[in-house]
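Encoded as structure tokens, the structure appears first; notes follow it.
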Amino acid sequence: MSEHQEERDYDEFRVIEDLAGWRRTHHNNELTAANMDETVCLMGWVQFRRDHGGLIFLDLRDREGLTQVVFNPEDNAEVHERAHAIRPEYVIAIKGRVRPRPEGMANKNMVTGEVEIEVDEYKLLNTSDTPPFPIEDRVEVGENLRLKYRFLDLRRPSLAKNFIIRNKAAQSVRRYLDSLGFLEVETPVLTKSTPEGARDFLVPSRVNPGEFYALPQSPQLFKQMLMVSGMDRYFQIVKCFRDEDLRADRQPEFTQIDIEMSFIDEALIQDMAETMIKTLFRETIEVELPAEFPRMTFGDAMRDYGVDKPDLRFDLKLTEVTDIFADSGFKVFASSEMVKVMRVPDGASLSRKEIDEYTKFVEIYGSKGLAWIKIKEDGTWQSPIVKFFSEDEVAKLGERTGVQPGDILFFQAGPAVIANAALGNLRCSLAERLGLIEEGVFKPVWITDFPLLEYDVEEKRYVARHHPFTSAQPEQMATLASDPGNALARAYDMVINGHEVGGGSIRIHTPEQQKIMFAALGIDEEEAREKFGFLMDALKFGAPPHGGIAFGLDRLIMILTASKSIRDVIAFPKTQKATCLMTQAPSAVPGKQLRDLSIRLREKKKED
């Protein structure tokens, strides 16, 4: 009988039924040999259908897993006959008896692999069109198609697991913080646009024509207000919004675990946060993190790894060699602000094509090229640049890097910010390609002693590296006024496996210190009053010493689930162009809505 013939013959059985009187007894990953001979009721979607002539086997799926069910004509001929109408992704409910799978047919890879359900009754709850892609993990599907049909993509077991873990993580955080006396307080979503940080998403006000709210980049000022209010310990699992360029671990809307505490110092906040993360890992994926997280200064991180969020799962380090080439005949190195090198053990096996690929890779970070030297097995140095080095330079380079036959050296020369970023990111890419990263390993580290400010060349002024409410280290207050570029912040980041998962600081809590900070940022009293008047007012009324930390929940879940993209742990994410392919947002709106908001769109210029 052909499939099309079968479709026609069984159309009469595709009658949608309701669930009156039926109650689910188990999810589809619960039943084991301990449930043998029990009568159960399961519900879900049909994952696979196999017709073996007499017997019809279905794998029934819900968010928890799979259970095999069997329709046997000898047990109930009518139910078996009706089962011919069932197809993948149909929604059904079944009642039946738990029995062992036939000898040799157990599936050790499934929790329910020892048993199957002998069906006595079933109800067809809904039919389904053929999905645009198979609902299973082993099939590769383009991300755009997955995002267009996200409601189907979320049925896949791997994504469903991600959201089970996400829920466990959120509940773990809430239990932990509640046990320490934190209050969960909601803060406004419609707020005032502030000048620091990323670009705001703006929301026009209908009742105040020509004026705008901003969606919060974080609840920073509100949580400081709560400390002034005497709330003492606050937290919130909250949506934040930033209109910035996107990448694998960034979205325009994301979720923070936001925390603030009064009457504390850095050590108290870090101890609290460290224990929270250790508890979260234990309760979600049963992993024990180190008893104490190591500390590393910002300066040491930049020196050894080129980035302030080092991945410590592998040992590749950077070495500065600027002094070796200060008077070199190789002018590219001699004239550079910084020359750095990374020794890659056994890296001489990289092909020229692979090196060319990495040369293009570092261009992303502003590099103009990638110099290299291979150390051959006979100890000779192979490279287009070696001929420009003196014997003394070669000797000092070899001694400082500890290079061995079979290694490769990669160089960056230029401004420090570019040399560090290029080699620091190349380090991670190489480690992944060369298999240097051990799976299932988690290496947390605290990064401390950040610069308080950084100089913006375009704006020709200092800007806050963290935000303008971060306190300078106590002994640095004079430095902030006289030499702001060298002032250090009371700031700290938690990094896990090369991802910044959390960051925070001790805040400024006196009007005098806040004025000094604004002065260092080139913000005069009038501008400060206009933009941060309510903060300045609050600090006059006995603000307690306070500080906090915020964790990126999405990034944490990405690490916990070993996901490659943050989009795999957000239920309805945006693309890298900040669009939702499922809902087609953003979209045009009717002219009347724009007029109500006192907005007129500028006409697009016609292309030549």
Side-chain angles (χ1 to χ4, degrees), residues 185-229 234 236-246 250-256 258 260 452-454 456 458-470 491 503-505 507-508 511 514-515 517-540 543 548 550 552 554 574 577-580 585-587 589 593-602:
V185 183
E186 293 181 344
T187 53
V189 173
L190 296 176
T191 185
K192 180 180 177 67
S193 179
T194 56
E196 300 294 329
R199 187 181 294 110
D200 285 326
F201 282 102
L202 299 178
V203 180
S205 170
R206 179 183 60 81
V207 296
N208 298 285
E211 297 184 347
F212 295 80
Y213 302 103
L215 301 182
Q217 295 185 31
S218 81
Q220 179 60 47
L221 293 177
F222 287 106
K223 65 183 181 181
Q224 290 191 245
M225 296 300 101
L226 289 171
M227 295 303 100
V228 178
S229 302
Y234 141 94
Q236 187 180 188
I237 298 179
V238 60
K239 278 283 190 184
C240 301
F241 307 86
R242 294 178 187 172
D243 187 4
E244 56 190 354
D245 295 334
L246 306 185
R250 183 182 286 173
Q251 282 277 293
E253 52 181 314
F254 57 95
T255 305
Q256 270 187 194
D258 203 48
E260 197 80 2
L452 182 64
L453 310 175
E454 55 189 357
D456 188 311
E458 291 185 5
E459 295 193 22
K460 297 181 179 179
R461 68 178 182 92
Y462 284 102
V463 296
R465 185 177 181 90
H466 194 57
H467 55 58
F469 321 112
T470 297
S505 67
R507 323 303 186 189
I508 296 169
Q514 190 63 68
K515 287 178 181 178
M517 180 64 161
F518 283 151
L521 295 172
I523 298 175
D524 61 27
E525 190 169 344
E526 182 179 348
E527 185 181 1
R529 168 57 53 185
E530 178 188 350
K531 294 173 178 175
F532 306 108
F534 63 99
L535 172 67
M536 301 301 289
D537 288 342
L539 295 182
K540 296 176 183 177
D554 310 301
K574 305 292 190 294
K577 293 185 177 180
T579 62
C580 174
S587 59
V589 297
Q593 279 186 270
L594 295 177
R595 288 193 295 273
D596 288 345
L597 296 170
S598 303
I599 291 176
R600 182 173 62 189
L601 298 181
R602 186 171 59 187

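Just so you know, residue 1 is the first one in the sequence shown, and it goes up from there. Excluded from the calculations below are hydrogen atoms, water molecules and symmetry mates; all remaining heavy atoms, backbone and side chain alike, are included.
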Y213 vs K192 side-chain heavy atoms within contact, under 4.5 Å: no

May I ask you to test the F254-R242 pair for a side-chain heavy-atom distance under 4.5 Å? yes

What is the minimum heavy-atom distance between P252 and K574, and which atoms define it? CG-CG, 3.7 Å

On a heavy-atom basis, the closest approach of P468 and L521 is CB-CD1, 3.5 Å

Could you pull out the closest heavy-atom pair between C240 and P219, with the gap in Å? SG-CD, 4.2 Å

With sequence neighbours left out, write down each residue that passes side-chain contact (heavy atoms from CB on, under 4.5 Å) with P204, or none if nothing qualifies. F212, L597, I599

So which heavy atom on M517 is nearest to which on A464, and how close? CE-CB, 4.4 Å

Set of ring-ring contact (aromatic ring centres under 6.0 Å, His included) partners for Y462, sequence neighbours left out: Y455

Less than 4.0 Å between a side-chain N and a carboxylate O, is that true for E244 and R250? yes

Quick one: does F534's side chain get under 4.5 Å of L221's, heavy atoms only? yes

Over all heavy atoms of both residues, which pair between K239 and P216 is shortest? Give the atoms and the distance, please. O-CG, 4.5 Å

With the side chain counted from C-beta on, respond yes when L453 and V463 share a heavy-atom pair under 4.5 Å apart, and no when they do not. no

Pairs meeting criterion salt bridge (charged side-chain N to carboxylate O under 4.0 Å, His left out) with involvement of residues 208-224, two or more places apart: K223-D258, K223-E260

With a 4.5 Å heavy-atom cut-off, do F222 and T191 have their side chains touching? yes

Could you tell me if the side chain of L535 sits less than 4.5 Å from the side chain of M225, heavy atoms only? yes

Applying side chain to side chain donor-acceptor pair (under 3.5 Å) to D537 and not counting sequence neighbours gives R529

Sidechain-backbone polar pair: Q256 side chain, V238 backbone, donor-acceptor under 3.5 Å: no

By side-chain contact (heavy atoms from CB on, under 4.5 Å) - contacts of A519 (at least two apart): none

Tell me, please, which residues at least two apart from F241 pass ring-ring contact (aromatic ring centres under 6.0 Å, His included). none

Residues forming a side chain to side chain donor-acceptor pair (under 3.5 Å) with T579, sequence neighbours excluded: T575

Pairing residues for E454 by the salt bridge (charged side-chain N to carboxylate O under 4.0 Å, His left out) criterion, not counting sequence neighbours: R465

Salt bridge (charged side-chain N to carboxylate O under 4.0 Å, His left out) against E530, all qualifying residues, sequence neighbours excluded: none

Under the salt bridge (charged side-chain N to carboxylate O under 4.0 Å, His left out) rule, collect the residues that match up with K515, sequence neighbours excluded. none

Applying side-chain contact (heavy atoms from CB on, under 4.5 Å) to F518 and M536, what does each step give before you reach the verdict? CA-CA 11 Å; F518 283 151; M536 301 301 289; 3.5 Å; yes

Would you say the side-chain atoms of Q514 pair up with the backbone N or O of L539, donor to acceptor, closer than 3.5 Å? no

Would D200 and Q217 count as having a side-chain donor-acceptor pair, cut-off 3.5 Å? yes

Residues two or more places apart in sequence or in another chain: which of them pass salt bridge (charged side-chain N to carboxylate O under 4.0 Å, His left out) with D243? none

Taking side chain to side chain donor-acceptor pair (under 3.5 Å) as the test, write out the residues that go with T470, two or more places apart. H467, S505

For H466 and G503 the tightest heavy-atom approach is CE1-C, 4.3 Å

